[in-house]
Trainee: 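Before anything else, here's the structure in question.
In what follows, chains carry the letters A, B, and so on, assigned in the order in which the sequence lines appear, proteins first and then strands, with residues in each chain numbered from 1. In this text, all values refer to a predicted model and were calculated from it rather than measured experimentally.
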Amino acid sequence: MFTGRFARHQRLTRPSEFKQVFARACKTGNQHLTLLCRQNDQDVARLGLAIAKRYISTAVARNRVKRIVRTSFRQHQAELSGLDIVVLGKTSAGQLSKQELFSVLEKLWQGLIKKCKDSSSP
RNA sequence: GGAGUCGGCCCGAUAAUCGCUGGAAAAUGUUCGCAUUUUCUGGAGGAAAGUCCGGGCUCCAUAGGGCAGGGUGCCAGGUAACGCCUGGGCGGCGCGAGUCGACGGAAAGUGCCACAGAAAAUAUACCGCCAGCUUGCUGGUAAGGGUGAAAUGGUGCGGUAAGAGCGCACCGCGCUGCUGGCAACAGCAGUGGCAGGGUAAACCCCACUCGGAGCAAGACCAAAUAGGGGAACAUUGGUGCGGCCCGCAUUGUUCCCGGGUAGGUCGCUUGAGGUGUGUGGCGACACACAUCCCAGAUGAAUGAUUAUCCACGACAGAACCCGGCUUACAGGCCGACUCCUUCC
RNA sequence: GCGCCCGUAGCUCAGUUGGAUAGAGUGUUGCCCUCCGAAGGCAAAGGUCACAGGUUCGACUCCUGUCGGGCGCG
């Protein structure tokens with residue numbers, strides 16, 4: 001069963017916080033999603049979602065992608081601690097099934113840990 | 001049994017675990033703003049959509065006057081209001097249950113009607129028909145032919161030189177009266193020889209109606225800052241205010257240069273609310289009583305996993321709130337009614 | 001949340017207000033020209049005027065409703 005919570009302080013809420021991530025980002029991704037990441041000064045990982053209507057047109061599909069990203073983030077938040085992450089959705093993300101999205105996210109989290117934690121920590 | 005019409009309802013179900021979020025209670029911490037934890041409880045739709053109409057609410061004047069402009073358009077009712085709904089009338093479709101209709105005015109005026117055709121609305125006569133005589137002209141006529149989407153009521157009989165509402169009958173149309181109906185309208189009787197094409201989703205006329213902006217409205221709190229410099233104009237001005245004028249309120253105004261901030265709270269869900277019963281009404285709906293509280297987020301909550309069952313799950317996600325319309329849509333359930341066939 | 005504009009040939013656009021022929025450039029194809037190619041000349045094909053319904057004798061044009069695309073305010 002899943003553990004871990006997803007409280008308000010684990011989210012990016014201010015426009016300024018988003019701007020910081022966009023300004024000094026460590027970027028990974030594939031054809032479905034783009035992940036932007038930078039280190040914060042806190043113990044927890046924080047998540048922000050930017051799923052544009054331009055890429056995923058219907059609100060139902062947008063909400064579905066956001067929910068699955070949040071759930072997957074919640075499962076992996078211990079490994080991601082100390083990072084601010086912004087997830088950008090692309091057109092193909094709205095067409096994936098639940099299982100496909102989870103497996104895609106699994107790979108992306110691991111790539112993120114390798115790339116960003118090593119490169120930006122020293 | 002089959003085919004169909006109308007109305008209403010549902011939108012996977014159940015259980016467990018982990019999460020998100022509103023409310024309530026308790027505990028702990030506290031810089032007294034709040035934070036964390038635990039328990040209980042609530043948590044997307046019939047279209048939440050398109051934004052095509054109407055209203056509430058907020059600010060501008062309590063939303064005022066005139067012009068311009070827009071909308072609606074058979075009658076009556078319902079409603080907060082409507083372009084919606086109900087009932088009725090008329091017309092179209094259907095055997096029928098039913099269903100559809102921008103359904104005022106063309107004798108108020110203006111415009112337009114290609115080509116063809118004699119002539120497209122001022123009037124008129126191409127082929128014809130008839131009469132007369134100078135034998136290719138004059139007069140009469142509009143029945144027939146021809147053109148066109150559309151040609152000055154239709155059919156029949158009489159009548160005539162040939163014809164013609166010229167006369168008559170029926171149908172259509174107009175006018176008058178009576179009856180029924182609140183009315184739209186219908187029916188009946190009389191009367192007129194026929195008013196004189198279409199187009200108002202062309203301008204327009206008539207009747208009714210419409211002030212503007214929108215919750216990023218608007219109100220408040222805290223923090224920061226600037227209260228800066230320069231130039232021009234002068235109350236017949238500027239702003240609110242939006243096409244114009246009047247009017248009202250407020251105020252010196254405008255432009256250029258450089259710089260900074262944009263955090264939070266309220267508005268925010270008790271409402272033209274839902275459910276049940278009764279009464280009035282053909283109905284839309286209204287009234288009375290009882291009862292219930294049923295999303296309120298703010299980078300934005302409804303999800304994930306497992307198990308079982310089936311019809312194997314369509315279209316699709318609230319963002320201030322309601323009433324409609326329109327559009328998208330896999331299916332399922334219930335009720336009323338119509339037609340056809342067969343049997344008793 | 002509110003407002004505005006545009007969908008016409010493969011591409012870029014006229015025509016729409018004022019109703020009666022769907023047109024231009026470019027591209028494509030064929031022929032000519034040239035030793036060959038480019039340029040040039042001639043000709044042809046290519047259109048459900050975004051979709052659906054309505055008004056009208058007649059709709060790219062007028063009206064209504066959809067669908068798609070773009071822009072602006074804040």
Trainee: For B/rA304, take OP1 and OP2 only and decide whether either is under 4.0 Å from a side-chain N or O of A/Lys98.
Mentor: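 Yes, within the criterion.
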Trainee: Considering only the C1' atoms, how many Å lie between B/rC203 and B/rC74, rounded to the nearest integer?
Mentor: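 About 25 Å, rounded to a whole number of Å.
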Trainee: Pick the C1' atom in C/rC6 and in C/rC49, then give their distance to the nearest Å.
Mentor: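 It works out to 14 Å between them.
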Trainee: Side chains of A/Phe73 and A/Val87: does their closest heavy-atom pair fall under 4.5 Å?
Mentor: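 The answer is no; the side chains never approach within 4.5 Å.
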Trainee: For B/rG240 and B/rA213, measure between their C1' atoms and round to the nearest Å.
Mentor: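 Nearest-Å result for B/rG240 against B/rA213 at atom C1': 12 Å.
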Trainee: Sort out the partner of B/rU291 for me: Watson-Crick or G-U wobble, both distances under 3.5 Å, none otherwise.
Mentor: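 Pairing partner: B/rG274.
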Trainee: Quick one: pull up CG in A/Leu80 and CD in A/Gln75 and give me the separation to the nearest 0.5 Å.
Mentor: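 Nearest 0.5 Å value for the CG-CD distance: 11.5 Å.
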Trainee: Under the 3.5 angstrom rule, does the side chain of A/Ser72 hit a backbone N or O of A/Val69 as a donor-acceptor pair?
Mentor: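 Between the backbone of A/Val69 and the side chain of A/Ser72 there is no qualifying donor-acceptor contact (under 3.5 Å).
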Trainee: According to the Watson-Crick and G-U wobble definitions, with both distances under 3.5 Å, which nucleotide is paired to B/rG136?
Mentor: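 Pairing partner, where one exists within any strand: B/rC133.
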Trainee: Give a yes or no on whether a donor-acceptor pair under 3.5 Å exists between the nucleobase atoms of B/rG317, that is its base, and the side chain of A/Arg67.
Mentor: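 It does, because a donor-acceptor pair links the side chain of A/Arg67 to the base of B/rG317 below 3.5 Å.
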Trainee: In dot-bracket notation, what is the pairing pattern of RNA chain C, taking Watson-Crick (N1-N3 plus N6-O4 or O6-N4) and G-U wobble (N1-O2 and O6-N3) contacts under 3.5 Å, with [ ] crossing and | for other strands?
Mentor: (((((((..((((.........)))).(((((.......))))).....(((((.......)))))))))))).
Trainee: Using the P atom on both, measure B/rA61 against B/rA249 and round to a whole Å.
Mentor: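 Going atom to atom, P in each nucleotide, I get 10 Å.
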Trainee: Quantified in whole Å, what is the P atom distance between nucleotide B/rG283 and nucleotide B/rG181?
Mentor: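 After rounding to an integer number of Å, I get 23 Å for this pair.
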Trainee: Across all strands shown, which nucleotide pairs with B/rA213 by Watson-Crick or G-U wobble geometry, both distances under 3.5 Å?
Mentor: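 Pairing partner, where one exists within any strand: B/rU58.
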Trainee: Run the side-chain contact (heavy atoms from CB on, under 4.5 Å) test against A/Asn30 and tell me which residues pass, sequence neighbours left out.
Mentor: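 Partners of A/Asn30 under the side-chain contact (heavy atoms from CB on, under 4.5 Å) test: A/His32, A/Leu33, A/Val104, A/Leu108.
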Trainee: So, taking the atom named CG in A/Leu88 and the one named NZ in A/Lys27, what distance separates them when rounded to the nearest 0.5 Å?
Mentor: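 Result: 8.5 Å between the selected atoms.
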Trainee: Report the base-pairing partner of B/rU305 (Watson-Crick or G-U wobble, both distances below 3.5 angstrom), or none.
Mentor: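 Paired with B/rA16.
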Trainee: Which residues pass the side chain to side chain donor-acceptor pair (under 3.5 Å) test with A/Thr28, not counting sequence neighbours?
Mentor: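 In terms of side chain to side chain donor-acceptor pair (under 3.5 Å), with neighbours along the sequence ignored, A/Thr28 is linked to no residue.
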Trainee: Do A/His76 and A/Gln110 meet the criterion of a side-chain donor-acceptor pair at a distance under 3.5 Å?
Mentor: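 Distance-only check fails for A/His76 and A/Gln110.
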Trainee: Measure from the side chain of A/Val60, starting at C-beta and using heavy atoms only, and say which of B/rA300, B/rA316, B/rU305 lies closest.
Mentor: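 Given the options B/rA300, B/rA316, B/rU305, the side chain of A/Val60 is closest to B/rA316.
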Trainee: Tell me if B/rA35 is syn or anti. Syn = glycosidic torsion within 90° of 0, anti otherwise.
Mentor: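 Anti, which is what one calls it when the glycosidic angle falls more than 90° from 0.
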Trainee: Nearest to the side chain of A/Asn63 - B/rA44, B/rG303, B/rU305?
Mentor: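 The answer is B/rA44, which lies nearest to the side chain.
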Trainee: Taking O4'-C1'-N9-C4 for purines and O4'-C1'-N1-C2 for pyrimidines, is B/rG46 syn (within 90° of 0) or anti?
Mentor: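 Glycosidic conformation of B/rG46: syn.
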Trainee: Looking across every strand, which nucleic acid part, if any, lies under 4.0 Å from A/Arg62 by heavy atom: base, sugar-phosphate, or nothing?
Mentor: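 Since no nucleic acid heavy atom lies under 4.0 Å of A/Arg62, the category is nothing.
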Trainee: May I ask which nucleotide in the shown strands pairs with B/rG45, Watson-Crick or G-U wobble, both distances under 3.5 Å?
Mentor: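 B/rC315 - that is the nucleotide pairing with B/rG45, both distances being under 3.5 Å.
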Trainee: Please name all residues satisfying side-chain contact (heavy atoms from CB on, under 4.5 Å) with A/Lys98, sequence neighbours left out, ordered by chain then number.
Mentor: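 A/Lys98 satisfies side-chain contact (heavy atoms from CB on, under 4.5 Å) with A/Ile68 once adjacent residues are dropped.
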Trainee: Looking only at side-chain N and O atoms, does A/Arg70 come under 4.0 Å of OP1 or OP2 in B/rU302?
Mentor: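 Indeed not, no polar side-chain atom of A/Arg70 lies that close.
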Trainee: Choose from B/rA300, B/rU305, B/rC18 the nucleotide whose nearest atom is closest to any side-chain atom of A/Leu49.
Mentor: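 Of all the options, the side chain of A/Leu49 is nearest to B/rA300.
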Trainee: Measuring from atom CD1 of A/Ile85 to atom CZ of A/Arg46, what distance do you get when rounded to the nearest 0.5 angstrom?
Mentor: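 One finds 11.0 Å between CD1 of A/Ile85 and CZ of A/Arg46.
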Trainee: Give none if B/rU269 has no partner; otherwise give the nucleotide forming a Watson-Crick or G-U wobble pair with it, both distances under 3.5 Å.
Mentor: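 For B/rU269, the partner nucleotide comes out as none, under the 3.5 Å rule.
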Trainee: Which base sits across from B/rU31 as a Watson-Crick or G-U pair, both distances under 3.5 Å?
Mentor: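 Here B/rU31 is not engaged in any pair, so there is no nucleotide opposite it.
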Trainee: For B/rC112, what is the paired nucleotide under Watson-Crick or G-U wobble rules, both distances under 3.5 Å?
Mentor: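 With both distances under 3.5 Å, B/rC112 matches B/rG198.
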Trainee: Pull out every protein N or O sitting under 3.5 Å from an N or O of nucleotides 295-297 of chain B, one pair per line with the distance.
Mentor:
none

Trainee: Between atom CG of A/Leu83 and atom CG of A/Leu35, what is the distance when rounded to the nearest 0.5 Å?
Mentor: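 The CG atom of A/Leu35 is 10.5 Å from CG of A/Leu83, to the nearest 0.5 Å.
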Trainee: What interatomic distance, in whole Å, is found between C1' of C/rA20 and the corresponding atom of C/rC60?
Mentor: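 After rounding to an integer number of Å, I get 13 Å for this pair.
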